[in-house]
Amino acid sequence: SIKAQESRGYEQWAKIHKLKLAAKTMNFLTEHQIEQYADLVSRIEEINAENEKTADALKSVEKRLADMVVLMKHVTTYQKTKTVYEAYRRAKEKDKDAYREKQESCLILHEAAAKALKTSGITKFPNLAAMQEKYGKLQAQKEALYFDYGKLKKKVKEYDVIKQNIDSILRLEKELERDKEKERE
């Protein structure tokens, strides 16, 4: 409220709060050996670029994982329904219609899986166990990337807060200089 902002206590609290922010900002800059504003800006750009690179890598791994899940599903479906399809192909011409009617769902699944695998360009069936192992490795890579992404996101936020603090301090200094110039006139 406006009354609270005009009170002497609020004014004192605001001064102390601003000083604490300035001290934290200076400590951060000292710890990270940042001596100039341009250094801070370039460091922020580097961190943002690294963050974007990690996000892109994460998206790539997630897409590969999704593609592998679909592929494994098709391979599994194909293998499970292969015996039914082979029996259908070996059936005599007069028994084929009856067999197809009886096993229609399995045959449709088999044909759909075969078509999807053919569309994917798979000619030799991959080993399902090897695919699951590769999937596990990709999942571990994804978790590591998520961890790195989280750390970078936190770092980006921290640097942005420091930059905002510095911008606010610089703005206050400019305002004080203007006020002094007006008093001199």
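Residues take their numbers from the sequence shown, with the count starting at 1. Being a predicted model, the structure only gives us computed values, none of them experimental.
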Handout entry: Test item: T77 side-chain N/O and K73 main-chain N/O as donor-acceptor pair under 3.5 Å
Key =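 Judged by distance alone, yes, a pair lies under 3.5 Å.
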
Problem - Qualifying ring pair (Phe, Tyr, Trp, His ring centres under 6.0 Å) pairs with a residue from residues 40-72, counting only residues at least two apart or across chains - result: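 Output for this query is empty, none listed.
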
Problem - Sequence neighbours excluded - ring pair (Phe, Tyr, Trp, His ring centres under 6.0 Å) pairs with any residue from residues 34-55 - result: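 Counting only pairs at least two positions apart or across chains, no ring pair (Phe, Tyr, Trp, His ring centres under 6.0 Å) contact touches residues 34-55.
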
Enter the distance from [X]:[atom1] to [Y]:[atom2] here, rounded to the nearest 0.5 Å.
X: L107; Y: K102; atom1: CG; atom2: NZ; answer: 11.5 Å
X: K134; Y: M68; atom1: NZ; atom2: CE; answer: 5.5 Å
X: L65; Y: M72; atom1: CG; atom2: CE; answer: 8.5 Å
X: Y146; Y: T54; atom1: OH; atom2: OG1; answer: 12.5 Å
X: K24; Y: F28; atom1: NZ; atom2: CZ; answer: 12.5 Å
X: L170; Y: N165; atom1: CG; atom2: CG; answer: 11.0 Å

[X] and [Y]: same hydrophobic cluster, using ILVMFWY side-chain contacts below 4.5 Å?
X: F147; Y: Y149; value: no
X: L117; Y: Y135; value: yes
X: M26; Y: I44; value: yes
X: I47; Y: I166; value: yes
X: L58; Y: L152; value: no

Suppose we screen for side chain to side chain contact (heavy atoms under 4.5 Å, CB included). Which residues come up paired with [X], at least two apart in sequence or across chains?
X: E45; value: V41
X: K59; value: none
X: T76; value: K80, L128
X: I34; value: L29, H32, D39, L40, R43, Y159

Practice task
List in chain and number order the residues that pass ring pair (Phe, Tyr, Trp, His ring centres under 6.0 Å) with H110, two or more places apart in sequence or in another chain; answer none if no residue qualifies.
Solution key: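 Checked H110 against ring pair (Phe, Tyr, Trp, His ring centres under 6.0 Å); matches are Y78, Y85.
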
Handout entry: K96 with E104: basic N within carboxylate O range, under 4.0 Å
Key =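 A salt bridge is absent here (no side-chain N lies under 4.0 Å from a carboxylate O).
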
Problem - Charged N-O contact under 4.0 Å between R8 and E11 - result: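 Looking at E11 together with R8, the answer is yes, because their closest N to O distance falls below 4.0 Å.
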
Partners of [X] by salt bridge (charged side-chain N to carboxylate O under 4.0 Å, His left out), sequence neighbours excluded?
X: D67; result: K63
X: R64; result: none
X: K137; result: E133

Exercise for the section: Take Y88 and T83 through the side-chain contact (heavy atoms from CB on, under 4.5 Å) test and state the conclusion after the steps. Expected result: CA-CA 9 Å; Y88 169 71; T83 56; over 6 Å; no

Problem - Heavy-atom side-chain proximity of V161 to T25 below 4.5 angstrom - result: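 Result no, sub-4.5 Å side-chain heavy-atom pair not found.
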
Practice task
Hey, could you give me each pair passing salt bridge (Lys or Arg N to Asp or Glu O under 4.0 Å) that has a residue in residues 139-166? Not counting sequence neighbours.
Solution key: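 Passing the test, one end in residues 139-166: K163-D167.
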
Practice task
Kindly write out the residues that satisfy side-chain hydrogen bond (donor to acceptor under 3.5 Å, both in side chains) with E86, not counting sequence neighbours, or none if the list is empty.
Solution key: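 Applying side-chain hydrogen bond (donor to acceptor under 3.5 Å, both in side chains) to E86 gives none.
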
